[in-house]
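Okay, structure first, notes after.
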Amino acid sequence: MPQFAPGQTLLIDADDTLWENNVYFERAIAAFISYLNHHEYSPAEVRQTLNEVEREIILAHGYGLPSFTRSLVTCFERLSTEPMDEEKHQRVIGFANSIAEQEIELLPHVKETLSDLATRHRLILMTKGDHAEQADKVRRSGLATLFSTIEIVAEKDPSAYRAVLERHQLSPRTSWMIGNSPKSDINPALAAGLHAVFLFHKDTWILEHATLSTAPEGQHLIELEGFRKLSVIF
């Protein structure tokens, strides 16, 4: 029997929780680093620079493929020993464009587990990023009808979670955030008073890494490996 009674509200992350995402960015980054082929900096040092550039670009322009593309171009310009001509510019842009061409690859047991959970609980998809980009992923995933609401926010911070609770008149005592990112899914949701389920994903984006917070008194933090195990909990 599930541990928690029917009628919970489950806010569920999308990228790397419902479908693969970051693995495609990692492949593009590996190709970019190989193309740059820097003789002064190691691949690890190039990656560190790219991480720093991504943080800067996200603060100024938000998440999404346009920001990732801008990050690759900026990183190349900072580290390349030669000017970026049009040919090099198109090659770098091509690494980012390869991500947009990927089909949506659902993670194991996602669709059947969502279908099962939807019979007992209210499901809300909550993702962050560029609105049009994320909405297109949701549409292509074929999962939209399993959710009562789709929430696409610019950033997942405690205020964003509180706004969703207020907008849908949800009680934090019966509301959960489920996702793979300590930084965006778990820690801010706990700070906003929700319960949380951390779903480990080996390819979680490095900028989403963080130490998991401890659940405050009266709140739950559950760690699971595998989406299917949600049906055992809920």
Query raised in the report: Are the side chain of T127 and the backbone of I152 linked by a donor-acceptor contact shorter than 3.5 Å?
Result: no

Query - Check: Q219 side chain, L194 main-chain N or O, donor-acceptor pair, under 3.5 Å - result: yes

Query raised in the report: Given Y24 and E105, is the side-chain hydrogen bond (donor to acceptor under 3.5 Å, both in side chains) satisfied, shown in steps?
Result: CA-CA 11 Å; Y24 305 126; E105 179 184 353; 2.9 Å; yes

**Report entry** Where N187 and S213 come nearest, the two heavy atoms and their spacing
**Finding:** OD1-N, 2.8 Å

Query raised in the report: Between E155 and Y63, is a side-chain hydrogen bond (donor to acceptor under 3.5 Å, both in side chains) present by the stated rule, with each step listed?
Result: CA-CA 9 Å; E155 185 61 88; Y63 298 94; 2.8 Å; yes

Report task. Consider only side-chain heavy atoms of I, L, V, M, F, W and Y, link residues closer than 4.5 Å, and tell whether L221 and V197 are in one cluster. Result -> no

Report summary line: The residue among D16, D15, T17 that forms side-chain hydrogen bond (donor to acceptor under 3.5 Å, both in side chains) with N180 is T17

Query raised in the report: Does NZ in K88 sit with more than 12 non-hydrogen atoms of other residues, nucleotides or ligands closer than 6.0 Å?
Result: yes

Requested in this report: Taking all heavy atoms of E133 and all of L65, pick out the closest pair and write down the distance.
Outcome: OE1-N, 2.9 Å

Query raised in the report: Looking only at heavy atoms, which two atoms of R162 and A191 are closest? And how far apart?
Result: NH2-O, 3.5 Å

Query raised in the report: Rounded to the nearest 0.5 Å, how far apart are CG of D116 and CG of L146?
Result: 11.0 Å

Query raised in the report: Can you tell me how far CG of L117 sits from OG1 of T119, rounded to the nearest 0.5 angstrom?
Result: 7.5 Å

Query raised in the report: Which atom names give the shortest non-hydrogen contact between L212 and P182, and what distance separates them?
Result: CD2-CB, 3.8 Å

Query raised in the report: Around Y41, counting heavy atoms of other residues, nucleotides and ligands shown, do more than 12 lie under 6.0 Å from its OH?
Result: no

Query raised in the report: Do F147 and W19 sit in the same hydrophobic cluster, where Ile, Leu, Val, Met, Phe, Trp and Tyr count as joined when their side-chain heavy atoms come under 4.5 Å apart?
Result: yes

Query raised in the report: Under the 3.5 angstrom rule, does the side chain of K229 hit a backbone N or O of L199 as a donor-acceptor pair?
Result: no

Query raised in the report: Would you say R140 has more than 12 foreign heavy atoms packed within less than 6.0 Å of its CZ?
Result: yes

**Report entry** Exceeds 12 heavy-atom contacts within 6.0 angstrom, atom CD of Q90
**Finding:** yes

Requested in this report: Look at D13 together with K128 and state whether they make a salt bridge at an N to O cut-off of under 4.0 Å.
Outcome: no

Query raised in the report: So L107 and L18, side-chain contact (heavy atoms from CB on, under 4.5 Å) or not? Walk me through it.
Result: CA-CA 6 Å; L107 288 165; L18 299 178; over 6 Å; no

Report summary line: Taken to the nearest 0.5 Å, the spacing of Q3 CD from Q8 CD works out to 11.0 Å

Query raised in the report: Parallel, tilted or perpendicular for F234 and H121, by the 30°/60° rule?
Result: perpendicular

Requested in this report: Please round to the nearest 0.5 Å and tell me the distance separating atom CZ of R122 and atom CG of L170.
Outcome: 5.5 Å

Report task. For the pair D203 (side chain) and N22 (backbone), establish whether a donor and an acceptor sit closer than 3.5 Å, ignoring hydrogens and angles. Result -> no

Query raised in the report: Got a second to check how far W176's CH2 is from D185's CG, nearest 0.5 Å?
Result: 15.0 Å

Query raised in the report: Would you say the side-chain atoms of S34 pair up with the backbone N or O of A30, donor to acceptor, closer than 3.5 Å?
Result: no

Query raised in the report: Would a 4.5 Å heavy-atom cut-off, applied to side chains only, mark W205 and E54 as touching?
Result: yes

Query - Criterion ring-ring contact (aromatic ring centres under 6.0 Å, His included) on H89 and F76, from CA distance to verdict - result: CA-CA 9 Å; H89 188 262; F76 188 97; 9.5 Å; no

Report task. May I ask you to decide if E77's main-chain N or O and S80's side chain share a donor-acceptor pair within less than 3.5 Å? Result -> no

Query raised in the report: Is L125 linked to L10 within one hydrophobic cluster, defined over Ile, Leu, Val, Met, Phe, Trp and Tyr using a side-chain heavy-atom separation of less than 4.5 Å?
Result: yes

Requested in this report: Show the numbers, then the answer: is there a side-chain hydrogen bond (donor to acceptor under 3.5 Å, both in side chains) between N51 and R47?
Outcome: CA-CA 6 Å; N51 292 343; R47 179 58 188 267; 3.1 Å; yes

Requested in this report: Grab the two heavy atoms, one from A192 and one from Y161, that are nearest each other, plus how far apart they are.
Outcome: CB-CB, 3.7 Å

**Report entry** Salt bridge present between E56 and R78 (N-O < 4.0 angstrom)
**Finding:** yes

Query raised in the report: Looking at R228 and E112, does any basic side-chain N land under 4.0 Å from a carboxylate oxygen?
Result: no

**Report entry** Residues T113, K111; criterion side-chain contact (heavy atoms from CB on, under 4.5 Å); working and verdict
**Finding:** CA-CA 5 Å; T113 301; K111 190 166 187 176; over 6 Å; no

Query raised in the report: For the hydrophobic clusters of this structure (ILVMFWY residues joined by side-chain heavy atoms under 4.5 Å, transitively), does one cluster hold both I104 and F25?
Result: no

Query raised in the report: Nearest heavy-atom pair of C75 and T49: which atoms, and what distance?
Result: SG-CG2, 4.1 Å

**Report entry** Interatomic spacing from OG1 in T74 to CE in M84 - rounded to 0.5 Å
**Finding:** 8.5 Å

Query raised in the report: Passes side-chain contact (heavy atoms from CB on, under 4.5 Å), R70 versus H61? Steps please.
Result: CA-CA 9 Å; R70 190 188 297 261; H61 302 283; 3.6 Å; yes

Report task. Please lay out, stage by stage, how L143 and V138 fare under the test side-chain contact (heavy atoms from CB on, under 4.5 Å). Result -> CA-CA 7 Å; L143 300 176; V138 174; 6.0 Å; no

Query raised in the report: Are the side chain of E45 and the backbone N or O of S42 linked by a donor-acceptor pair below 3.5 Å?
Result: yes

Query raised in the report: More than 12 heavy atoms of other residues, nucleotides or ligands under 6.0 Å from CD of E86: is that the case?
Result: yes

